Amino acid sequence: MRLSALISAAALAAVTVVTSLTTAPAASGAASAALQAPSGAAALPSPVACNGCWKPALNTSWDWQLIALPKKPYPDVQMFDIDGFDAADSGTIVQSLKAGKPGRRVVCYVSAGTYEDWRPDAGRFPAAVLGDPLEDWEGERWLDIRHYTGELGAIMKDRLDMCKAAGFDAVEPDNVDGYTNDTGFPLTAADQLAYNAWFANEAHKRGLSVALKNDVAQIPQLLPYFDFAINEECWEHSECTTAQNGGSYGYDQFVKAGKAVFQVEYNLATSKFCAKSNAQNFNSLKKTYDLDGYRVACR
């Protein structure tokens, strides 16, 4: 979900502090080194390896349909990203999508950073973790992600188990950039890094690859944890590449690491972004905000 609120000056200052975080290579066993955080912030855990997990090729055709489950005839794409709860309720859609094209992979969309009052597990969320409403998204509120070691974490683990049981290959956790928004909580960049790294590790423990959704400014720190990236409107907001972001962060860092980037624009004409996306080796689409069956691929 792309929110209208842009990153605040305070959040940018926090990002500047946290970008001093350095990564140590992950080693096997209990002796693996933790990622070191700057002074005053807790060290991040080592990335959990996901041996045997699906890792999308840099050039992977895809579609993203969230307003409803895809209908036959399905687009001839290698990857689908669909709503995890709707898929679990269907019971057959993941298998149907995979049967429609050999080797097709399916990604499970869940919100990891917001409460949605229409979800079947909505009653499990403690009142203390429910924050401010999201602008223009009725029934949705920000979560206090600092509580991931408690019931909030248990809920997210169950959502990952749901994705695994439904036959998904990967997960797309949405709204994992709350620290740049008005959530009602004093979330910091360090809080977001800790939560996002934890979520990615939990996905890997279940054999699910995981996408970093938006959260552009934290790409350098989170790159070791995530297998690919999904972005909305980075060309419209001039934040796609390291060069656009003052040399600090960009999706070209994913590509350089051999990790695919799946990117969508809603408002720009394809003539305004497709050539640039193709030059960066991004898998870009033109979609509507509804994320329905409308799809124009850049390549």
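Just so you know, these numbers come straight off a predicted model, no measurement behind them.
- The closest side-chain heavy-atom distance from Tyr289 to Ile67 is not below 4.5 Å.
- A salt bridge (charged side-chain N to carboxylate O under 4.0 Å, His left out) with Asp169 is found for exactly one of Lys164, Arg104, Arg105, Lys55, namely Arg105.
- When only modelled atom types and interatomic distance are considered, Thr242 and Asp252 share a side-chain donor-acceptor pair under 3.5 Å.
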- Task: Any chance you could lay out the side chain to side chain contact (heavy atoms under 4.5 Å, CB included) test for Lys286 and Phe273, step after step, and finish with the verdict?
- Result: CA-CA 9 Å; Lys286 169 85 171 181; Phe273 70 93; 4.1 Å; yes
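- Counting heavy atoms from C-beta outward, Lys72 and Ser96 have side chains that approach closer than 4.5 Å.
- Tyr225 and Asn196 form no side-chain donor-acceptor contact under 3.5 Å, judged by distance and modelled atom types alone.
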- Task: Decide yes or no on side chain to side chain contact (heavy atoms under 4.5 Å, CB included) for Met162 and Phe85, but give the supporting numbers first.
- Result: CA-CA 8 Å; Met162 173 191 72; Phe85 282 101; 3.6 Å; yes
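- In this model, a donor atom of one side chain and an acceptor atom of the other lie less than 3.5 Å apart for Thr114 and Glu140.
- For the residue pair Ile93 and Pro70, the shortest heavy atom distance occurs at CD1-O, 3.9 Å.
- Ring geometry for Tyr148 against Trp198 counts as tilted: the plane angle lies between 30° and 60°, on a 0 to 90° scale.
- Side-chain N or O atoms of Glu151 include none that pairs as donor or acceptor with a backbone N or O of Pro126 at under 3.5 Å.
- Residue Ala260 comes nearest to Ala57 through the heavy atom pair CB-O, 3.4 Å, listed as atom of the first residue, atom of the second, then distance.
- We find the SG-CD distance between Cys234 and Gln244 to be 7.0 Å, quoted to the nearest 0.5 Å.
- Side chain of Gln192 to main chain of Val176: a donor-acceptor pair is present (N/O by atom type, distance under 3.5 Å, no hydrogens or angles).
- Although no hydrogens or angles enter the test, the distance criterion places no donor-acceptor pair under 3.5 Å between the side chain of Gln65 and the main chain of Asp83.
- Atom-to-atom distance recorded for Arg146:CZ and Asp191:CG is 6.0 Å, nearest 0.5 angstrom.
- The existence of a salt bridge linking Arg119 and Asp121 is excluded, since no basic side-chain nitrogen approaches an acidic carboxylate oxygen closer than 4.0 Å.
- With Lys259 contributing its side chain and Leu223 its backbone, the two residues share a donor-acceptor pair below 3.5 Å.
- A side-chain donor-acceptor contact under 3.5 Å links Glu232 and Asn214.
- Counting only distance, with no hydrogens or angles, the side chain of Asp89 and the backbone of Asp86 share no donor-acceptor pair below 3.5 Å.
- Note that SG of Cys108 is 8.0 Å distant from CG of Leu160, once rounded to the nearest 0.5 Å.
- Counting heavy atoms from C-beta on, the side chains of Phe199 and Val110 come closer than 4.5 Å.
- A donor-acceptor pair is defined here as one N or O able to donate and one able to accept, closer than 3.5 Å; such a pair exists between the side chain of Gln218 and the backbone of Ala189.
- Follow the hydrophobic side-chain contacts under 4.5 Å out from Ile230 and you reach Tyr266 in the same cluster.
- Looking only at side-chain heavy atoms (C-beta outward), Val264 and Leu285 come within less than 4.5 Å of each other.
- Using a 4.5 Å cut-off between side-chain heavy atoms of Ile, Leu, Val, Met, Phe, Trp and Tyr, with links allowed through other members, Leu44 and Val48 fall into different hydrophobic clusters.
- Few gaps surround NZ on Lys276; more than 12 heavy atoms of other groups in view lie less than 6.0 Å from it.
- Between Phe262 and Trp62, the two ring planes are perpendicular [angle over 60°; tilted spans 30° to 60°].
- Under the 3.5 Å distance criterion, the side-chain polar atoms of Asn231 are left unmatched by any main-chain donor or acceptor of Gln263.
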- Please lay out, stage by stage, how Asn283 and Thr60 fare under the test side chain to side chain donor-acceptor pair (under 3.5 Å). CA-CA 7 Å; Asn283 302 288; Thr60 299; 5.1 Å; no
- Query: Would Tyr109 and Asp174 satisfy side chain to side chain donor-acceptor pair (under 3.5 Å), going step by step from the backbone distance to the final call?
  - Reply: CA-CA 7 Å; Tyr109 170 92; Asp174 197 8; 2.7 Å; yes
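- To the nearest 0.5 angstrom, Asn175 atom CG is 11.5 Å from Thr183 atom OG1.
- Side-chain atoms of Lys101 never come within 3.5 Å of backbone atoms of Tyr74 as a donor-acceptor pair (strictly under, hydrogens ignored).
- Hydrophobic clustering, with ILVMFWY side chains joined whenever heavy atoms are under 4.5 angstrom apart, groups Phe185 together with Leu130.
- With Lys213 contributing its side chain and Ala229 its backbone, the two residues share no donor-acceptor pair below 3.5 Å.
- Residues Ser209 and Cys50 approach most closely at N-SG, 4.4 Å, considering heavy atoms.
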- Lys205 vs Glu202, side chain to side chain contact (heavy atoms under 4.5 Å, CB included): CA-CA, chis, key distance, verdict: CA-CA 5 Å; Lys205 289 176 184 177; Glu202 289 297 325; 3.1 Å; yes
- Assess whether side chain to side chain contact (heavy atoms under 4.5 Å, CB included) is satisfied between Leu193 and Thr188, documenting all intermediate values. CA-CA 9 Å; Leu193 285 173; Thr188 67; over 6 Å; no
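- By the 4.0 Å N-to-carboxylate-O rule, Lys287 lies close enough to Asp63 to be salt-bridged with it.
- With values rounded to the nearest 0.5 angstrom, Leu143 atom CG is found 9.5 Å from Arg141 atom CZ.
- A 4.5 Å side-chain heavy-atom check between Phe226 and Ile219 finds every atom pair outside the cut-off.
- The side-chain heavy atoms of Cys53 and Asp227, taken from C-beta on, include no pair separated by under 4.5 Å.
- Here the closest heavy-atom approach between residue Leu69 and residue Ser90 is recorded as CD1-CB, 3.7 Å.
- Separating the CG atom in Asn245 from the NE2 atom in His237 is a distance of 12.5 Å, to the nearest 0.5 Å.
- For the pair Leu222 and Ala197, the tightest heavy-atom approach, listed with the atom from each and the gap, is CD2-N, 4.2 Å.
- By the 4.5 Å heavy-atom criterion applied to side chains, Val94 and Phe80 are not counted as neighbours.
- In terms of heavy atoms, Phe168 sits closest to Ala87 at CZ-CB, 3.4 Å.
- Of the options Trp54, Phe282, Phe254, a ring-ring contact (aromatic ring centres under 6.0 Å, His included) to Phe228 is made by Trp54 and by none of the others.
- Looking at Leu187 and Thr180, their side chains never come closer than 4.5 Å, going by heavy atoms from C-beta outward.
- Looking at His147, its side chain never comes within 3.5 Å of a backbone N or O of Val129 through a donor-acceptor pair.
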